[in-house]
Structure formats: C-alpha cells, structure tokens
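Below is one structure, written out as structure tokens; the observations come after it.
The first residue of the sequence shown is numbered 1, and numbering continues consecutively from there.
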Amino acid sequence: MYICINRKPMQLLIFLLIYPILWLISILPFRVLYLVSDCVYGIVYYIIGYRKKSVRENIALALPHLSSKERLIIEKKFYHHLCDIFLEMIKTMTISDKEINKRYAFTNLDVYLDLEKKGKSIALLCAHYASYEWAVSMNHHITFEGYGIYKKLANRHFDKLVRDIRSRFKATLITTKETIPTIQKNAISGHLGVFGFASDQSPKATSAHHWNSFMRIEVPIHTGAEMLAKRFDMNIIFLRTKKIKRGYYEASFEVLSENSKSVPNYEITDTFLKLVEEQIHEAPEYYLWTHKRWKHRR
C-alpha cells in the first residue's frame, strides 16, 4: 500500500525544531563560537567522516607533488576551516554591520567603484574559497544592486531564511533559472546591477561547451558568467579573498575585462581559473574540497 505524505508540514516542523538552535548559535560571542566549531570538527572529521573520501581524492588529484603526510595536514586544516565557515554562516543571522565589516575587509574597493562609473552592469566572479559567504557584506559599500546566484533549497522555510539573511545586507538572491531573465529585464530597463557568480565548480559534462586544465587536470568548465557578460555587455571583475587569521578575511578586486565582447571566447573564464589556482596553491586548506570538482575529468 502506498501512503502519500505531505511534505509541507514536515518541512515546517524541521524548520521549527532547528531554527532556535541556529539562532542560539548565531548570538554566541566569536570566542565561544570557535570553541563550538572545534567540537563540531571532531564530530564531522573523526566520527561522521563527512565526504572524507572525496576530499582526500580531490587533494591528491590537485596536489600530487605533495607527500601523503603534507596532504593529510591540508585535509585536517580544511575540515577545521569548513566547520568555521559553516558556523560563521549561521552567525550571519545576527551579526552587526560593524562586526562583519571589521572581519571581512575590502582592500581596494576603489577598483570596483571605478568600474561602476563605466555605466554598465558587472559580472563578479569568485571561487568557493575562504569566506565566500561573508562577501555579501560588499553590498554595504556599493551603489549597484547586488545579486547573488544560488541553488534554491528544497525546504522552503530555510530557503526563505537564507533570502532574509541576505536581504539584511541589501543582497537579492536569484536562482540559476532566474538569472538570465533578471539580467535581461535589467538590460531592457537600464537598471544596473552586479551579479555574483561562483564559477569554479563542475558543470554537467553533457552540457559543457568548454574543457580546459584546472589544477593540471582537464575538466569541463562553467562559462555562463563570461557568455552572459558578452551577451549583455557587462564588465567583469574578480573577487579574491584571503584568510588573515581565524574569523578575519581580506578581499580585493581585479578587473578581468571592460570590453568582454572583444575578448576571444573562454579567455576570460580561463584567466579566472588561473587566479583561483593561485589562491589554492597559496593556501590550499581554504578551498572547498568537498565538491567533486574533478568527477568528469579526462
């Protein structure tokens, strides 16, 4: 016998049970928050072993020149960082503007602001590196409307929570399906915006238009940001984030193109990936190794 279960009440129940815990974590002082993170690390790494096989394989593929001992050190540092950014993401629920601006600082905001003066919308490319969640604080410093492109959560209550958190920082979240219609609508109306693309993860191999080397491994490459920038005549900028110490980050901007239509196809995307590689080689423990970036490798 088949029993149909209504998911909506169940989604609400899960949200009501978990939300108070998230809120309590979010109001913890940072010193206590990182003590909790240390405890979570022990559970995630040693007991659950969350995606440990994928992480170990990815690090070995991307950094084959390192010894097994060196890769193990990076692996453990990564899991410490992973737990930190997860709790920092929860902290975003209640963190003050003053606190997040102190902990996520922009070193050359003038580079971005100068690009705004060009009178064109902007495609901002970044990687899943260091604190990509706190990059949302950028919206405190800019004139354009900031759009974050994300994958919609299955639980609509948590999805609304994520949207509400981002709206605190004047950010508008749009799903991948909403991206092209939103950019097109803005282009027609003359509304200028900056669209954040995290373009370092793996697309479906069947839908890939471009393959190239990433960490010396040939893989399919996301080219959507570059193609949309060309189609709608957007400027392109790269956001590089660096972890200074626990809970503190610095971000800097690098202009990739002010005339994307004139650049040969895929050149901007390949340049972006080279910049991501630089970040990884500088401090590999801060890259998001849990994603199966090289699953479609040749």
Test: Lys274 and Glu278 ion pair at under 4.0 Å: no
Side-chain H-bond candidate by donor/acceptor type, Gln11 with His157, under 3.5 Å: no
Asp233 with Lys261: basic N within carboxylate O range, under 4.0 Å: no
Ser252 OG to Phe106 CZ distance, which is reported to the nearest 0.5 Å: 10.0 Å
Tyr41 and His80 aromatic ring geometry - parallel, tilted or perpendicular at 30°/60° bounds: parallel
Short side-chain donor-acceptor distance under 3.5 Å, His191 and Lys185: no
Donor + acceptor pair across side chains of Asp164, Ser167 (<3.5 Å): no
Donor on one side chain, acceptor on other, Glu70 and Ser67, under 3.5 Å: yes
Side chain to side chain, His81 and Glu285, heavy atoms closer than 4.5 Å: no
Option among Leu228, Asn186, Ile122 that satisfies the side chain to side chain contact (heavy atoms under 4.5 Å, CB included) test with Phe195: Asn186
Modelled atom types, side-chain donor and acceptor of Glu226 and Thr269, under 3.5 Å: yes
Presence of salt bridge, Lys245 and Asp84, under 4.0 angstrom: no
Close side-chain approach of Phe78 to Thr290, heavy-atom, < 4.5 Å: yes
Side-chain heavy-atom pair Arg231, Gln184 within 4.5 angstrom cut-off: yes
Donor-acceptor pair, side chain of Glu145 and main chain of Leu192, under 3.5 angstrom: no
Flag for His210-Asp270: side-chain donor and acceptor within less than 3.5 Å: yes
Least distance between heavy atoms, Leu22 atom then Ile90 atom: O-CG2, 3.2 Å
Spatial distance of atom CD (Glu277) from atom CZ (Phe272) [nearest 0.5 Å]: 10.5 Å
Residue among Ile73, Leu72, Ile74 satisfying side chain to side chain contact (heavy atoms under 4.5 Å, CB included) with Lys76: Leu72
Geometric cation-pi criterion Lys52 and Tyr45, 6.0 Å radius, 45° cone: yes
Heavy-atom check, side chain of Met138 versus side chain of Leu124, under 4.5 Å: yes
Rounded distance (nearest 0.5 Å) linking atom CG of Leu87 with atom CG of Asp38: 9.5 Å
Distance-only polar pair, side chains of Trp134 and Thr92, donor-acceptor under 3.5 Å: yes
Rounded distance (nearest 0.5 Å) linking atom CG of Asn58 with atom CZ of Arg51: 10.0 Å
Student check: side-chain heavy atoms of Arg246 and Ser37 closer than 4.5 Å: yes
Proximity of Phe253 and Phe238 rings by center, below 6.0 Å: no
Axial cation check for Trp211 ring with Arg298, 6.0 Å and 45° limits: yes
Whether Tyr129 and Tyr286 hold their rings parallel, tilted or perpendicular, with breakpoints at 30° and 60°: perpendicular
Main-chain N/O of Thr143 paired with Glu116 side-chain donor or acceptor, under 3.5 Å: yes
Check: Ser26 side chain, Met93 main-chain N or O, donor-acceptor pair, under 3.5 Å: no
Side chain to side chain, Ile280 and Met215, heavy atoms closer than 4.5 Å: yes
Backbone N/O of Ile95 and side chain of Arg168: donor-acceptor pair under 3.5 Å: yes
Ion pair check, Glu88 and Lys91, cut-off under 4.0 Å: no
Exceeds 12 heavy-atom contacts within 6.0 angstrom, atom CD1 of Ile48: yes
Residue that, paired with Tyr150, satisfies side-chain hydrogen bond (donor to acceptor under 3.5 Å, both in side chains) out of Thr179, Thr176, Asp159: Asp159
Test: Lys118 and Glu258 ion pair at under 4.0 Å: yes
Heavy-atom closest pair, residues Ser202 and Lys295: OG-CE, 4.3 Å
Distance-minimising heavy-atom pair for Ile183 and Phe197: CD1-CZ, 4.4 Å
Derivation of the side-chain contact (heavy atoms from CB on, under 4.5 Å) call for Glu99 and Tyr104: CA-CA 9 Å; Glu99 186 70 31; Tyr104 193 95; over 6 Å; no
Spacing of Thr271 atom OG1 and Leu125 atom CG [to the nearest 0.5 Å]: 10.5 Å
Arg216 atom CZ, over 12 foreign heavy atoms within 6.0 Å: no
Aromatic plane relationship, Trp294 with Trp289 - under 30° parallel, 30 to 60° tilted, over 60° perpendicular: parallel
Side chain to side chain, Glu218 and Ser213, heavy atoms closer than 4.5 Å: no
Under-4.0 Å salt bridge between Lys292 and Glu57: no
Stepwise side-chain contact (heavy atoms from CB on, under 4.5 Å) test for Lys230 and Val263: CA-CA 9 Å; Lys230 288 175 178 287; Val263 182; 4.2 Å; yes
Qualifying residue for side chain to side chain contact (heavy atoms under 4.5 Å, CB included) with Tyr112, from Val255, Ile142, Asn235, Leu239: Ile142
Over-ring placement of Arg166 relative to Tyr147, 6.0 Å and 45° cut-offs: no
Pairwise distance CD1(Ile236) to CG(Asn259) - rounded to 0.5 angstrom: 10.0 Å
Axial cation check for Tyr248 ring with Lys243, 6.0 Å and 45° limits: no
Exercise: do Tyr79 and Glu75 side chains pair donor with acceptor under 3.5 Å: no
Audit row: Ser121, Met234, side-chain contact (heavy atoms from CB on, under 4.5 Å) steps and yes/no: CA-CA 5 Å; Ser121 287; Met234 302 164 68; 4.1 Å; yes
Where Val136 and Asn139 come nearest, the two heavy atoms and their spacing: O-ND2, 2.8 Å
Main-chain N/O of Thr241 paired to Gln279 side chain as donor or acceptor, under 3.5 Å: yes
Heavy atoms from other residues, nucleotides or ligands near OH of Tyr34 exceed 12 (cutoff 6.0 Å): yes
Residues Leu273, Asn212; criterion side-chain contact (heavy atoms from CB on, under 4.5 Å); working and verdict: CA-CA 9 Å; Leu273 286 177; Asn212 204 348; 5.5 Å; no
Modelled atom types, side-chain donor and acceptor of Asp200 and Tyr287, under 3.5 Å: yes
Residue pair Ile100 / Phe169, side-chain heavy-atom distance below 4.5 Å: yes
